[in-house]
Participant: 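The following block contains the structure, expressed as C-alpha cells.
Chain letters run A, B, ... following the sequence lines, proteins first, then strands; residues in each count from 1. Quick caveat: nothing in here was measured; it's all calculated off a predicted structure.
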Amino acid sequence: MSTGDSLPKQRYNAGLAAQIEAKWQDRWETQRTFEAPNPAGPLAEPHKIAGRDKLFILDMFPYPSGAGLHVGHPLGYIATDVYGRFKRMTGFNVLHALGYDSFGLPAEQHAITTGVHPRENTESNIANMRRQLRRLGLAHDARRSVSTTDEAFYRWTQWIFLQVFNSWCDERTGKARPIAELIAEFASGKRDTGGTPWASMSSSERKQLVNDHRLAYLADAPVNWCPGLGTILANEEVTAEGRSDIGNYPVFKRNMRQWTMRITAYSDRLLDDLERLDWPESIKIMQRNWIGRSEGARVRFSSRAGDIEVFTTRPDTLFGATFMVLSPEHPLVDSLTTTDQQRAVHAYRAQAAATAEADRQSDTRNKTGVFTGATATNPVTGTEIPVWIADYVLMGYGTGAIMAVPSGDERDFAFARTYSLPIVATQMPPDSWFAAHKIAPTDDCSTWPNAFVGEGTYVNSRNDSLTLDGLTDMATAKSRTNEWLAANNVGQAAITYKLRDWLFSRQRYWGEPFPIVYDEDDMPVSVPDALLPVTLPELVDFKPQALDPNDEVTDPIPPLARRNDWVQVEMQVHDPITGELRPRTNMRREINVMPQWAGSCWYELRYLDPTNAAAFVDKEVERYWMGPQTKGHTGGVDLYVGGVEHAVLHLLYSRFWHKVMFDLGHVSSEEPFHRLFNQGYIQAYAYRDARGQTVPASDVTERDGAYFYEGEKVAREYGKMGKSLKNIVTPDEMYDEYGADTFRLYEMSTGPLDASRPWNTRDVVGMQRFLQRVWRNLVDEDTGALTVSNDACPDALLRTLHVTIDGVRRDMDGLRFNTAIAKLIELNNSLTKHAEATGSTPRVVAEALTQMLSPLCPHLANELWERLGRTDEITYSPFPVADPALLVT
RNA sequence: GCCCGAGUGGCGAAAUGGCAGACGCGACGGACUCAAAAUCCGUUGCCUGAAAGGGUGUGUGGGUUCGACUCCCACCUCGGGCACCA
C-alpha cells in the first residue's frame with residue numbers, strides 16, 4: 001500500500017514520532033537534562049540540591065547479552081523512568097542510571113567457541129544495548145553508567161573483598177570488626193585461643209587461627225566436579241543420572257577448597273532487619289524461609305566411633321528416638337560401619353552422591369537407607385539404638401545427623417515403616433486425632449497410619465532425673481529437656497539455620513581476580529590497596545583444562561593457571577599478623593575468580609560517585625543518596641525494581657556485603673535497598689508445527705481461532721520470550737513501526753507492573769491511536785497549526801480534568817501506570833467530544849494533559865509543550881495539582 | 001519435592017468487602033472513499049428473548065458475611081526460585 005501521499009502531513013505516526021524522538025533525545029543529551037547533582041565530589045552542584053528532596057531509583061542492571069534487548073527487558077526500565085520523571089515534576093532530585101553486569105559465563109562460553117576475547121564481545125554487546133536503550137528515551141544520568149568489568153570498577157570490588165577478608169564478626173555484638181582488633185585481642189590474652197596460647201603458637205598456627213575467624217575464608221565445600229569438562233557444575237547442569245548436561249560426562253560430588261563468605265554470621269540480622277524494609281511480603285517470606293532459623297537442641301549420642309551430635313527441633317521427643325540416621329557424607333560413617341555392612345554402605349554412598357539434592361529432599365519419594373551395623377546410646381533412655389545412613393539427611397543442614405523419632409516425624413515414620421524399625425509414642429494424641437484416623441487410642445503406635453506432630457499429653461518420657469510424662473505443653477517439655485541435656489553434659493539448646501555460607505570462588509576466566517596471594521605457608525595474604533586492581537591477565541585459550549572423565553581426585557585447573565608468569569609473583573605485602581610491610585618472593589596468586597554476584601553486590605554505590613579514585617564512594621555522597629531518612633530507617637535505595645527471580649540470592653548477598661560495609665563504617669545505610677518492587681515478566685506465545693519444531697512466531701497468522709505457518713496449522717504455547725522459542729520481539733521493531741512513546745505506553749498499559757503478561761504486537765496500535773487523538777486535539781493534522789484556544793473551559797470538562805489529575809497523581813505514586821493511562825484516555829475522549837463540538841481545545845486542559853503524559857511519553861509531551869509556546873522545561877515543570885473544589889460532583 | 005506467586009469476556013485487563021468487566025485489542029455494524037488502507041462513530045461477557053426483560057457468570061469444591069473476584073480451608077492448572085545461569 002502506498003498511502004503516504006494522501007495522509008495528512010502532520011499526522012502523529014511512526015514517521016513523525018521518529019523525528020520528534022530523535023530531536024528530543026539529542027536535546028536532552030546536549031542540555032544534560034537528566035544529570036543529577038551530587039552534594040560533593042566531581043559531580044557536585046550544591047546550588048541545585050538546596051530545598052529539594054532526593055530520590056534514588058534503581059533497576060536491576062542487565063547482563064549485556066549478544067542477542068541485545070527484547071521487549072521483555074524494558075518493562076522495569078520504563079516503569080522506573082516514568083516514576084522518576086513524575087517525581088522530578090513533584091520537586092525531587094532524582095538519581096537514575098543504568099550500568100552493566102558484564103562478567104559472566106555466556107561471554108566466556110562465547111570466547112571458548114570463537115576465540116574472541118570476552119572483553120571485546122562484552123563491549124560490543126554493551127554498545128548495542130546502549131543504542132537500544134537510548135532510543136527508549138530513558139531519563140538516565142549517562143555519566144553514572146558503570147560496567148562491572150571496568151578496571152576502575154572492579155578495583156573496588158576487589159577492595160571490598162579485602163574489607164570482608166580482613167574482618168571478623170564479633171559474636172558479642174554480631175558486627176564486623178577489622179581483623180587487626182581480633183589479633184590484638186588474641187595477643188593481649190583478652191580472647192582465648194581455644195588451645196595453644198597465642199604466645200606459644202607458630203606464625204603459621206596464628207595465621208590459621210585468624211583465618212578461621214575471617215568473614216571470607218577458605219574451606220572445603222561440596223561441589224559437582226566434572227573432570228571431563230574440567231569445571232564445577234551448577235545443580236541444574238547435572239542430569240538426574242548424575243552426568244553433565246553438556247557432553248554427558250560423569251559428575252562427582254566431592255569437597256573442594258573454596259573461598260567462602262561467612263554470611264551465616266549475619267543470619268539473625270538479615271532476618272530481623274527484613275521487618276524494617278519496604279519490600280513485598282512474599283519476598284520477605286522467601287528470605288525468611290531461605291535463612292530458615294529454627295530453635296531446638298543439639299544432643300550427643302555416644303557410639304563406638306565417638307559422640308554423634310544431632311540437631312533436633314523436637315528435644316521433647318528424645319525418649320521416642322529409636323534409631324539415628326546420618327547423612328551418607330557424614331565423617332563418622334567410615335568408623336561406624338561394621339565390616340559386614342561395608343559393601344552396602346559404600347554402594348549406598350555412591351548412589352546418594354549421584355542424586356540431586358532437590359530429589360533427596362522430596363517428601364513423596366520412597367525412603368531409602370542402609371544400616372551401618374553400629375549402635376549409639378540414647379542419652380535419656382540409655383537404650384542402644386541402630387545407626388543408619390539415608391539420603392534424606394543432608395550434610396549441609398544442622399549437624400548432618402538426626403535422631404529419628406518415628407512417632408513424631410513423618411519422614412522418620414516412613415523410614416521406620418520401610419525398614420521395620422521400632423516406634424515408641426512419647427505423646428498421646430487427642431481423641432479427635434484417633435477418630436479422624438479411624439483407630440482406637442489403645443492401638444499400639446506401630447499400627448498408626450502416620451506420625452503425630454501436634455501437641456498431646458507426654459507419655460513414656462521419664463528416667464531417673466527427667467520426667468515429661470503428663471505434661472501437655474510442648475514449650476515446657478522442650479525447655480525441661482534442654483535443661484537436663486545441659487546439666488548432664490550431653491547437649492544444649494541450640495539454633496540452626498538453613499542458610500549456608502556462600503561459595504565465592506569460580507574456576508573460570510571472566511570474573512574479578514582475587515586480590516590475594518599465598519605465602520610460604522600456603523596462607524592467603526592481601527594484595528596491598530596500592531597495587532589494586534589486580535587485572536585479569538590476557539589469555540589466548542579460555543577453555544578449562546579437561547581431564548580424564550573418571551579422574552575424581554585431581555583438582556580443577558582454572559584458566560588463570562596457564563599464566564604461570566602471572567601466578568608467580570614477588571610483591572611487598574603486609575604480614576597478616578604483624579601488619580609489617582616487606583617484600584616477599586615466591587608468592588603465588590589466587591587463580592580462581594569471583595562469581596558474577598560480586599559486582600552486583602555493590603554496584604548501586606558506584607552510581608553515586610562513579611569517578612571517585614580515592615574511595616568506592618564518597619561518604620558524604622553516600623549519606624546524601626542512601627542515608628537513613630528518619631530514626632530507625634535502614635537507609636538504602638528509595639526504589640529498587642527488578643524480577644522476582646532475584647528474591648533470595650542477589651538480594652541476600654548484597655544485603656550481607658552492605659551490612660559488613662556498614663559495620664566497618666564505610667556506608668551510613670544499614671541496608672542497600674529500602675524499597676523493593678518486583679515487576680512481572682513479559683511472556684510470549686510460541687508456535688510448534690506438526691513435527692514439534694518451533695516456527696518463527698512473527699510469521700504465524702491467525703484464522704478463526706487457529707494458527708497457521710506457511711499454510712500449515714501450528715499449535716500455540718506460552719513461554720518466556722527467548723531465542724529458543726523463536727518468539728523474540730525487539731524494541732527496535734517497535735521503534736520503527738510505532739515509535740518509542742507508543743511502545744512505552746503499551747508496555748505500561750497492559751497490566752499492573754508486578755504481573756506477568758503476554759506480549760501481543762497486535763495490541764500496540766491502541767496506544768498509537770490514543771496518542772494520535774491527543775495530537776489531533778492540539779494540532780491540526782493538515783497544517784500543523786495549534787488548535788488550542790484561551791477560551792474558558794466548560795465546567796464539566798474542567799471537573800473531568802481535575803478528577804483525572806487527582807487519580808493520575810495517586811496512580812503514578814503507587815506505580816499503577818496502567819490505570820493512570822486509562823484515566824488519561826478517558827480525559828482525552830472527553831476532550832475529543834468537546835473539540836469536535838467547538839473546534840478548539842481549551843489551553844488549560846491541553847497543558848495539563850501534556851504534563852500528565854510527559855512521564856509516560858516524554859518525547860511527544862516535550863514536543864507538544866514546545867508547540868504550546870512554553871519555553872520552560874516540561875521535565876521540571878510542576879505536575880498538575882487537583883483543585884479539591886472541582887472533585888465534588 | 002520444598003518455598004513464593006497467579007488464575008475474571010475471544011485477548012491484555014479494571015474493580016480489593018458494596019452496580020463485575022473501566023481502558024485497550026479483536027470482532028461486528030456504520031460514516032468517509034470509485035474502491036481499499038488509514039481515520040472517525042456505534043455495538044459487543046455468556047444463554048434466552050423481536051424487544052422490554054429474564055437467567056447466568058470471576059479455575060474447582062466447601063466455608064465466613066446482610067453482602068465475596070476480594071477474606072478463610074482444601075484441590076487443580078500455570079509461572080518464579082531452590083545456593084556455580086544471573
Participant: So, does A/Q772 get its side chain near the phosphate of B/U39, meaning an N or O under 4.0 Å from OP1 or OP2?
Facilitator: yes
Participant: When you compare B/G81 with B/C11, how far apart are their C1' atoms, in angstrom units rounded to a whole number?
Facilitator: 29 Å
Participant: Can you measure A/R411 atom CZ to B/C2 atom P for me and round it to whole angstrom units?
Facilitator: 11 Å
Participant: Tell me, please, which residues at least two apart from A/E781 pass salt bridge (charged side-chain N to carboxylate O under 4.0 Å, His left out).
Facilitator: A/R11, A/R776
Participant: Separation of A/Y681 atom OH from B/A6 atom P, in whole Å?
Facilitator: 14 Å
Participant: Within this structure, what is the CH2-to-C1' distance between A/W259 and B/C84, rounded to whole angstrom?
Facilitator: 18 Å
Participant: Does the side chain of A/Q258 come under 3.5 Å of the side chain of A/T260 through a donor N or O and an acceptor N or O?
Facilitator: no
Participant: What is the nucleic acid contact for A/D101, judged by heavy atoms within less than 4.0 Å: base, sugar-phosphate only, or nothing?
Facilitator: sugar-phosphate
Participant: Which label fits A/F504 and A/F514: parallel for a plane angle under 30°, tilted from 30 to 60°, or perpendicular past 60°?
Facilitator: perpendicular
Participant: ring-ring contact (aromatic ring centres under 6.0 Å, His included) with A/W602: which of A/F153, A/W657, A/F61?
Facilitator: A/F153
Participant: Considering only side-chain heavy atoms of A/E836, which listed nucleotide, B/C41, B/A38, B/G79, is closest?
Facilitator: B/C41
Participant: Of the listed nucleotides (B/G81, B/A38, B/A83), which one gets closest to any side-chain atom of A/R500?
Facilitator: B/A83
Participant: Which part of the nucleic acid, if any, lies within reach of A/S600 when heavy atoms closer than 4.0 Å are counted: base, sugar-phosphate only, or nothing?
Facilitator: nothing
Participant: Would you confirm whether A/N678, through its side chain, and A/G642, through its main-chain N or O, come within 3.5 Å as a donor-acceptor pair?
Facilitator: yes
Participant: Could you check which of B/G80, B/U39, B/G79 has an atom nearest any side-chain atom of A/Q683?
Facilitator: B/G79
Participant: Does A/C601 offer a backbone N or O that forms a donor-acceptor pair with the side chain of A/S654 under 3.5 Å?
Facilitator: no
Participant: Are the aromatic rings of A/Y640 and A/F677 close, with centres under 6.0 Å apart?
Facilitator: no
Participant: In whole angstroms, how far is the C1' atom of B/C2 from the OH atom of A/Y397?
Facilitator: 13 Å
Participant: Going by the rule side-chain contact (heavy atoms from CB on, under 4.5 Å), which residues pair with A/A14 if we only count those two or more places apart in sequence or in a different chain?
Facilitator: none
Participant: Could you check whether A/P62 gets within reach of a base, just the sugar-phosphate, or nothing at all, counting any heavy atom under 4.0 Å?
Facilitator: nothing
Participant: For residues 285-292 of chain A, which residues have at least one heavy atom under 4.0 Å from RNA chain B?
Facilitator: A/I285, A/M286, A/N289, A/W290
Participant: Report which part of the nucleic acid A/L649 touches: base, sugar-phosphate, or nothing (heavy-atom distance under 4.0 Å, all strands).
Facilitator: base
Participant: In what stems does RNA chain B take part, counting only runs of at least 3 consecutive Watson-Crick or G-U pairs whose two distances fall under 3.5 Å?
Facilitator: B:1-7 with B:76-82, B:10-12 with B:23-25, B:26-31 with B:39-44, B:45-48 with B:53-56, B:59-63 with B:71-75
Participant: Under 4.0 Å between a side-chain N or O of A/N235 and OP1 or OP2 of B/C82?
Facilitator: no
Participant: Give A/Q258 one of three labels, base, sugar-phosphate or nothing, depending on what nucleic acid heavy atoms sit under 4.0 Å from its own.
Facilitator: base
Participant: Could you state the atom-to-atom distance from CZ of A/F61 to P of B/C85 in whole Å?
Facilitator: 17 Å
Participant: Mind checking what makes salt bridge (charged side-chain N to carboxylate O under 4.0 Å, His left out) contact with A/R288, not counting sequence neighbours?
Facilitator: A/E275, A/E281
Participant: Generate the contact string for nucleotides 15-26 of chain B. Rules: B means base contact, S means sugar-phosphate contact only, - means no protein heavy atom under 4.0 Å.
Facilitator: S------BSBSS
Participant: Taking the side chain of A/R757 as its heavy atoms from C-beta onward, which of B/G12, B/C84, B/A83 lies nearest to it?
Facilitator: B/G12
Participant: Give one of base, sugar-phosphate or nothing for A/H650, where a contact means two heavy atoms less than 4.0 Å apart.
Facilitator: nothing
Participant: In terms of ring plane angle, is the pair A/F656 and A/Y266 parallel, tilted or perpendicular, where the classes change at 30° and 60°?
Facilitator: perpendicular
Participant: Please check: side-chain N/O of A/S65 versus main-chain N/O of A/A67, any donor-acceptor pairing under 3.5 Å?
Facilitator: yes
Participant: What does A/Y746 touch in the nucleic acid at a heavy-atom separation under 4.0 angstrom: a base, only the sugar-phosphate, or nothing?
Facilitator: nothing
Participant: Using atom C1' of each nucleotide, how far apart are B/C41 and B/U16 to the nearest Å?
Facilitator: 35 Å
Participant: Under the ring-ring contact (aromatic ring centres under 6.0 Å, His included) test against A/F103, which residue among A/W597, A/Y154, A/Y63 passes?
Facilitator: A/Y154
Participant: With a 4.0 Å cut-off on heavy atoms, is A/L499 in touch with a base, just the backbone sugar-phosphate, or nothing at all?
Facilitator: base
Participant: Provide, to the nearest angstrom, the distance between the CD1 atom belonging to A/I682 and the P atom belonging to B/G80.
Facilitator: 15 Å
Participant: Could you tell me the separation between the CG atom of A/D782 and the P atom of B/A38, rounded to a whole number of Å?
Facilitator: 19 Å
Participant: Please report the distance, rounded to the nearest Å, between CD in A/E645 and P in B/G79.
Facilitator: 15 Å
Participant: Using a heavy-atom cut-off of 4.0 Å across all strands, would you classify A/K498 as base, sugar-phosphate, or nothing?
Facilitator: base
Participant: Are A/W759 and A/Y746, when compared by the centres of their aromatic rings, separated by less than 6.0 Å?
Facilitator: yes
